Chemist: 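Let me give you the structure first, and then I'll get to my questions.
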2 protein chains.
Amino acid sequence: MAVESQKQSTVSSTVEDYLKVVLKIEDMKQRASTSRVARHLDVADATVTDMLRKLKKAGLLEYKPYYGAALTRKGRQMAVRILRRHRLLEMFLHQVLGYGWEQVHQEAERLEHAVSDLFISRIDALLDFPAQDPHGEIIPDARGFRQVEDDLCLAEAEPGSYSVRKVTNSDPEFLAYLDKVGLRPATRLSLQEKSPFQGPLKLLPESGREAVYLGLEASRSIFVLPLKDRPPASAPLPKGRASRGTVGRSGRGAGEE
Amino acid sequence: MAVESQKQSTVSSTVEDYLKVVLKIEDMKQRASTSRVARHLDVADATVTDMLRKLKKAGLLEYKPYYGAALTRKGRQMAVRILRRHRLLEMFLHQVLGYGWEQVHQEAERLEHAVSDLFISRIDALLDFPAQDPHGEIIPDARGFRQVEDDLCLAEAEPGSYSVRKVTNSDPEFLAYLDKVGLRPATRLSLQEKSPFQGPLKLLPESGREAVYLGLEASRSIFVLPLKDRPPASAPLPKGRASRGTVGRSGRGAGEE
DNA sequence: GGGTATTATTAGACTAATCTAAAAATAAAG
DNA sequence: CTTTATTTTTAGATTAGTCTAATAATACCC
């Protein structure tokens with residue numbers, strides 16, 4: 001059949017932000033309820049109700065009153081496109097302009113709506129088609145494919161050896177702190193103990209001056225990969241990364257034929 | 001006296017565009033009338049009337065009904081800041097991302113409103129503090145100083161030898177044409193004759209395959225510097241540029257004390 | 001200097017995105 | 001299964017930026 005390259009209707013940057021948030025919530029396996037979306041965007045609930053109705057009419061998401069929203073293929077496609085832009089921009093700011101990983105998010109947040117596709121493809125090439133951003137987040141490819149991320153939340157991990165896969169928190173203060181104690185993507189660490197009753201985690205980062213006591217809440221934004229348990233000093237650095245996720249479409253059936 | 005570093009109140013990108021246009025018109029020694037501003041921005045005259053009143057109230061320009069607008073120091077400061085951003089961005093797109101000089105304008109037009117001051121200072125350093133953009137336009141420095149441009153419009157020039165200083169037209173088609181016939185900033189050329197009755201100019205660019213016949217209207221956007229008349233083949237390339245403009249404040253009395 | 005042409009302004013309206021406060025639906029708890 | 005608490009939606013308003021059509025001011029020309 002004819003492959004209609006459906007031109008991507010242009011949407012406002014506000015709409016892009018809504019789609020991005022719904023995608024983020026869906027990725028966390030949560031229901032994209034009015035209030036949850038509102039919290040992420042820091043707007044009033046009523047505003048979200050209106051917008052969701054509008055986005056439904058535009059065919060970008062399903063919306064059931066009093067229930068919530070779910071992206072359509074078209075909406076997801078757009079959301080993933082923004083996600084790709086955001087992460088590529090972060091990588092560019094970090095690698096080319098020397099931004100710290102705690103600085104990249106805010107700038108990318110504005111640029112993702114302003115740069116052209118040409119800009120994106122140029123920085124993609126300049127960076128040699130990076131697979132991850134400075135926080136360890138996977139960068140969707142140009143067609144919208146996203147590698148499945150097979151990582152584990154530190155908050156759920158058992159004591160043992162791990163390497164940091166990604167940090168899903170963009171608060172500059174928090175990231176600066178992690179940096180200070182030596183917790184960055186690719187850092188190896190040993191989780192030594194988890195205190196009971198929502199207590200902190202005792203960690204030993206490889207860059208390892210001393211043990212770090214990290215609050216449980218903070219540990220929820222750190223994702224790790226288990227390391228084959230070998231003597232940490234002689235363990236070979238897993239070049240690509242020991243176990244990779246399989247490659248799959250972004251979302252059920254999204255993307256073009 | 002105490003140096004109040006007056007924090008630059010933030011304005012919308014729309015306002016930035018208005019200020020930029022008024023600056024551009026003033027730079028052309030014209031009156032910033034409602035209709036002229038409207039034409040530059042491609043909006044209705046009525047829209048401009050409203051906006052000028054608003055900008056006057058914000059202290060960014062003077063506005064006399066039925067006459068026009070003139071930037072205040074504060075307004076000019078903001079406008080020059082955007083101009084600097086625009087031109088630095090163009091240079092960056094050209095030098096780092098490999099954009100053609102006919103492609104840079106459109107992208108910079110969006111980015112100038114979106115990038116942070118950090119971004120600007122980083123690309124400024126990366127480019128080694130360039131003095132001009134890809135069209136030969138002077139880039140104001142970080143304090144808002146602008147070199148006086150002592151160039152001559154080709155439309156007003158007498159036959160003789162010149163080098164191209166700048167091209168003040170951002171139409172991609174037009175720039176692509178100039179490029180094709182070998183007319184770019186720094187290109188040396190000889191203006192051979194000017195046909196009477198608004199006729200075309202006969203030019204011989206140094207990169208010089210053959211003579212170029214350029215319409216008078218087109219010649220208005222090309223600015224040149226006269227060359228000391230020596231045999232063109234042996235003339236030494238003026239390194240910095242033979243005669244430089246003096247350095248002065250951007251606009252009468254603008255800038256901080 | 002009065003009539004015509006041009007240029008500006010006013011008036012009224014629209015859209016996108018937002019808000020607050022009130023009303024309605026759903027969920028939770030006895 | 002009724003009452004209460006929570007969540008969501010509706011209603012009504014606001015702001016920024018824009019438009020068109022009508023009116024008013026200025027400029028130009030014999």
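Side chains included, hydrogens not; waters and symmetry mates left out as well; all remaining heavy atoms used. Just so it is clear: chains get the letters A, B, ... in the order the sequence lines come, proteins before strands, and each one is counted from 1. Values in this document were obtained by computation on a predicted structure and should not be read as measured data.
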Chemist: For this output row, return yes or no: ring centroids of A/H94 and A/W101 closer than 6.0 angstrom.
Modeler: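 For A/H94 and A/W101, the ring centres are not under 6.0 Å apart.
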Chemist: Suppose we screen for side-chain hydrogen bond (donor to acceptor under 3.5 Å, both in side chains). Which residues come up paired with A/D50, at least two apart in sequence or across chains?
Modeler: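 For A/D50, no residue satisfies side-chain hydrogen bond (donor to acceptor under 3.5 Å, both in side chains) once neighbours in sequence are set aside.
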Chemist: So what does A/Y67 hit on the nucleic acid, given a heavy-atom distance under 4.0 Å: a base, only sugar-phosphate, or nothing?
Modeler: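 Nothing: the residue A/Y67, judged by heavy atoms under 4.0 Å, touches no strand.
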Chemist: Take the protein atom OH of B/Y63 and the nucleotide atom C1' of C/dT10, then report the distance between them rounded to whole Å.
Modeler: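 Atom-to-atom, B/Y63 to C/dT10, this comes out as 11 Å.
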Chemist: Where each residue is assigned the nucleotide of DNA chain C containing its nearest heavy atom, which of A/D42 and B/D50 is assigned the position nearer the 5′ end?
Modeler: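 By nearest-heavy-atom nucleotide position, the 5'-most residue is B/D50.
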Chemist: Which residue pairs pass the salt bridge (charged side-chain N to carboxylate O under 4.0 Å, His left out) test when at least one of the two sits in residues 104-115 of chain B, sequence neighbours left out?
Modeler: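 Pairs touching residues 104-115 of chain B that pass the test: B/K20-B/E109, B/K20-B/E112, B/E107-B/R110.
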Chemist: Can you tell me the distance, in whole Å, between the CE atom of B/M51 and the P atom of C/dT9?
Modeler: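 It works out to 14 Å between those atoms.
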Chemist: Just compare D/dT8, C/dT18, D/dT18 and give me whichever is closest to any side-chain atom of B/V43.
Modeler: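 My answer, after comparing the listed nucleotides, is D/dT18.
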Chemist: Only counting residues at least two apart or in another chain, list the ones meeting side-chain hydrogen bond (donor to acceptor under 3.5 Å, both in side chains) with A/H113.
Modeler: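 So A/H113 forms a side-chain hydrogen bond (donor to acceptor under 3.5 Å, both in side chains) with A/E16, A/D17.
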Chemist: I'd like to check the side chain to side chain contact (heavy atoms under 4.5 Å, CB included) partners of A/Q198; sequence neighbours left out, ordered by chain and number.
Modeler: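 Only A/L216, A/R220 meet the side chain to side chain contact (heavy atoms under 4.5 Å, CB included) criterion with A/Q198.
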Chemist: Provide a list of protein-nucleic acid N or O atom pairs under 3.5 angstrom, restricted to nucleotides 20-27 of chain D.
Modeler:
from, atom 1, to, atom 2, distance (Å)
D/dA25, O4', B/Y66, OH, 3.3

Chemist: For A/R81, give me all partners under side-chain hydrogen bond (donor to acceptor under 3.5 Å, both in side chains), at least two apart in sequence or on another chain.
Modeler: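 Listed in chain order: A/D117.
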Chemist: Is B/R53 near enough to C/dT10 that one of its side-chain N or O atoms lies under 4.0 angstrom from OP1 or OP2?
Modeler: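 True: B/R53 side-chain N/O within range (under 4.0 Å) of C/dT10 OP1/OP2.
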Chemist: Does any residue of residues 28-39 of chain B have a heavy atom under 4.0 Å from DNA chain C, and if so, which ones, in number order?
Modeler: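 Of all residues in residues 28-39 of chain B, the ones placing a heavy atom under 4.0 Å from DNA chain C are B/S33, B/T34, B/S35.
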Chemist: In chain order, what residues pass the side-chain hydrogen bond (donor to acceptor under 3.5 Å, both in side chains) check against A/K194, with sequence neighbours excluded?
Modeler: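 side-chain hydrogen bond (donor to acceptor under 3.5 Å, both in side chains) list for A/K194, sorted by chain: empty.
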Chemist: Grab the CG-P distance between B/D17 and D/dA16 for me, whole Å please.
Modeler: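 Taking CG of B/D17 and P of D/dA16, I get 17 Å after rounding.
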Chemist: Tell me if the CZ atom of B/F174 is crowded by more than 12 foreign heavy atoms within 6.0 Å.
Modeler: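 Atom CZ in B/F174 is crowded, with more than 12 foreign heavy atoms closer than 6.0 Å.
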Chemist: Which residues pass the side chain to side chain contact (heavy atoms under 4.5 Å, CB included) test with B/T14, sequence neighbours left out?
Modeler: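 B/T14: side chain to side chain contact (heavy atoms under 4.5 Å, CB included) contacts with B/S12, B/Y18, B/M51.
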Chemist: Report yes if at least one side-chain N or O of A/Y18 is closer than 4.0 Å to OP1 or OP2 of C/dT18; otherwise report no.
Modeler: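 Checking C/dT18 against A/Y18, a side-chain N or O does come within under 4.0 Å of OP1 or OP2.
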